[in-house]
**Student:** 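Could you have a look at this structure, given as structure tokens, before my questions?
Order of appearance sets the numbers: ligands from 1, and atoms from 1 within every ligand. As the structure is a computational prediction, the values presented were derived from the model and not from experiment.
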Amino acid sequence: MTELLPPDSAGIARAVALLLEGELVALPTETVYGLGADATNAEAVARIYAVKERPRFNPLICHYPDAEAAFAHVEASALALQLAKAFWPGPLTLVLPRKPDCPLPLLVSAGLETLAVRVPQTALTLALLRALSRPLAAPSANRSGAVSPTEPAHVLAELGGRIAAVLNGPACPIGVESTVIDLTEMPPRLLRPGGLPRKAIEAFTGPLAGPLPHEARAPQALRSPGQLASHYAPRAKLRLEAREVAANEALLAFGPPLAGAAVTFSLSSRGDLVEAAARLFSGLRWLDQEVARLDLAGIAAMPIPEEGLGEAINDRLRRAAAPRPLGRRMEVALHA
Ligand code: TXA
Ligand code: MG
């Protein structure tokens, strides 16, 4: 059963308790209702993808109570500080480099070196964020492919019975998602048009790059960095569907590990796809380092069932295994 929580301090307290237990709670922002999870808890973040039935890992926006909290986790340029001062709380999301000591799991960033951060405006949710005192990862609270919800009833229709609670807040005054800009390149790039008009941002930044013509046409398909194979590829060679492993290979195990590998990272020894998703990006990164350190032939990945989060895990693994030169060319072409 999904609890409908009152929009008051008791509701906030209950929502915070559930989030700290790793549960998912939907809550209002000024743009759309978000499906929130404790961003420091990799399994809770993995559950977001499971509940949304997202076929691939798209990086998530982390929500903070104020700019100071957000900039504790990312490298903020002078421009980032200016934009935050001008538009937060509000419908603007900034993509910035993760700090080296950023404590959030890589799954939040879908394995990228960057993190999307924003401070939402809705008073109830700001109060929740202050009480939670850790960031909240939150995509829109709909099943993958459906439209974003702007009222609690929409969320219940989409996800009722699949999430712990919905905070019964106001309808969303803006009703479209936040504007996402990437501040890691100059000029900054508009990744997703949204609730804050481009012109308002350009008063600070000058003309923004993008979105690319095909990004504008098919935002979900091409804007996502998940589309760019080379963003995700580990340096090591990756072999999929491994049913045996050589002594000069690193093993990415799922279920009982194959014997004989030089090193093994277990995604989930009990074969749990949520646990596996939560550990995927950190596991690949660690194995990549081990392959370089021990001069191994590459990484062998055991088969993962194509069900639930397995679809997204396999999507990520296939991209990581894709021929590298093609990946790079694709990326250059898309950013040209
Ligand atoms: O208004 C909103 O932004 C809502 C509310 C709940 O805050 N959230 C939302 O999240 O729309 P989501 O997950 O549906 O969209 C996040 C967008 C995606 O287009 C994703 O590719 C992009 O932000 N994004 C997130 N992290 C990124 C990163 N590190 N680099 C590039 N793009 C990123
Ligand atoms: Mg969405």
Side-chain angles (χ1 to χ4, degrees), residues 24-37 39 45 48-49 51-64 70 73-75 87-98 102 104-122 125-126 128-129 135-150 154-155 158-159 166-167 169 172-185 188-196 210-212 215-216 218-228 231-232 281 331 334-335:
L24 304 186
V25 177
L27 36 71
T29 78
E30 75 282 20
T31 57
V32 299
Y33 268 72
L35 179 58
V45 172
I48 287 180
Y49 293 98
V51 161
K52 282 183 68 87
E53 296 174 21
R54 254 195 193 181
R56 58 174 59 108
F57 298 118
N58 201 8
L60 300 174
I61 298 172
C62 284
H63 298 69
Y64 293 82
H73 291 170
V74 289
E75 309 276 7
F87 299 117
W88 281 353
L92 175 67
T93 295
L94 302 177
V95 173
L96 290 162
R98 293 168 66 112
C102 176
L104 305 187
L106 275 174
L107 183 60
V108 169
S109 300
L112 298 173
E113 307 283 346
T114 55
L115 183 70
V117 296
R118 98 174 183 95
V119 177
Q121 209 162 33
T122 303
T125 293
L126 281 175
L128 181 148
L129 289 170
L136 187 86
S140 51
N142 51 277
R143 292 202 201 189
S144 184
V147 294
S148 298
T150 55
H154 301 167
V155 179
E158 285 276 322
L159 301 175
V166 179
L167 197 53
C172 305
I174 294 182
V176 295
E177 291 88 347
S178 62
T179 303
V180 182
I181 63 169
D182 182 351
L183 291 178
T184 65
E185 43 180 317
R189 182 176 293 279
L190 178 66
L191 295 179
R192 175 176 75 180
L196 184 67
L212 302 168
E215 288 174 325
Q220 280 311 321
L222 277 161
R223 192 195 46 245
S224 152
Q227 297 300 306
L228 309 176
H231 264 288
Y232 283 142
F281 291 110
E331 183 185 16
L334 284 171
H335 282 276

**Student:** Have a look at P59, P120, P97 and point out the one with the heavy atom closest to atom 24 (N) of ligand 1.
**Tutor:**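 That would be P59.
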**Student:** With a 4.0 Å cut-off on heavy atoms, is S140 touching ligand 1?
**Tutor:** yes
**Student:** Could you tell me whether a side-chain N or O of K52 sits under 3.5 Å from a main-chain N or O of L35, the two making a donor and an acceptor?
**Tutor:**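 Looks like no, no N/O pair under 3.5 Å.
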**Student:** Verify, without hydrogens or angle tests, whether S144 (side chain) and R54 (backbone) share a donor-acceptor contact under 3.5 angstrom.
**Tutor:** no
**Student:** Applying salt bridge (charged side-chain N to carboxylate O under 4.0 Å, His left out), can you list everything that pairs with E113, at least two apart in sequence or on another chain?
**Tutor:**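 Here the qualifying residues are R285.
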**Student:** If you measure every N/O of T114 against every N/O of ligand 1, is any gap under 3.5 Å?
**Tutor:**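 Min N/O separation from ligand 1 is below 3.5 Å for T114.
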**Student:** Would you mind running through ligand 1 and noting each atom that sits below 4.0 Å from a heavy atom of L191?
**Tutor:** 31 (C), 32 (N)
**Student:** Any nitrogen or oxygen of N58 lying under 3.5 Å from a nitrogen or oxygen in ligand 1? Just yes or no.
**Tutor:** yes
**Student:** Between atom OH of Y64 and atom CZ of R118, what is the distance when rounded to the nearest 0.5 Å?
**Tutor:** 13.5 Å
**Student:** Only counting residues at least two apart or in another chain, list the ones meeting salt bridge (charged side-chain N to carboxylate O under 4.0 Å, His left out) with E177.
**Tutor:**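 Not a single residue meets the salt bridge (charged side-chain N to carboxylate O under 4.0 Å, His left out) criterion with E177.
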**Student:** With a 4.0 Å cut-off on heavy atoms, is A138 touching ligand 1?
**Tutor:**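 Right, A138 reaches ligand 1.
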**Student:** Mind checking whether R192 has an N or O less than 3.5 Å away from an N or O of ligand 1?
**Tutor:**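 Among all N and O atoms of R192, at least one is under 3.5 Å from an N or O of ligand 1.
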**Student:** Ligand 1 and T31, any nitrogen or oxygen pair closer than 3.5 angstrom?
**Tutor:** yes
**Student:** Quick one: does ligand 1 sit under 4.0 Å from the side chain of R54, the backbone, both or neither, non-hydrogen atoms only?
**Tutor:** side chain
**Student:** So which atom in T31 and which in T150 form the shortest heavy-atom distance, rounded to 0.1 Å?
**Tutor:** O-CG2, 4.2 Å
**Student:** If you apply the rule side chain to side chain donor-acceptor pair (under 3.5 Å), what do you find for R192 with S178, and how did you get there?
**Tutor:** CA-CA 8 Å; R192 175 176 75 180; S178 62; 3.3 Å; yes
**Student:** May I ask you to check if any N/O/S atom from N142 comes under 2.8 Å of the Mg ion (ligand 2)?
**Tutor:**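 False for N142.
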**Student:** Would you mind telling me if ligand 1 is within reach of the side chain of D182, the backbone, both or neither, using heavy atoms under 4.0 Å?
**Tutor:** neither
**Student:** For the atom pair CG (L136) and CG (L27), what is the distance rounded to the nearest 0.5 Å?
**Tutor:**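 Answer rounded to 0.5 Å: 5.5 Å.
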**Student:** Would you say ligand 1 has an N or O under 3.5 Å from any N or O of H63?
**Tutor:**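 Yes, at least one N or O pair falls under 3.5 Å.
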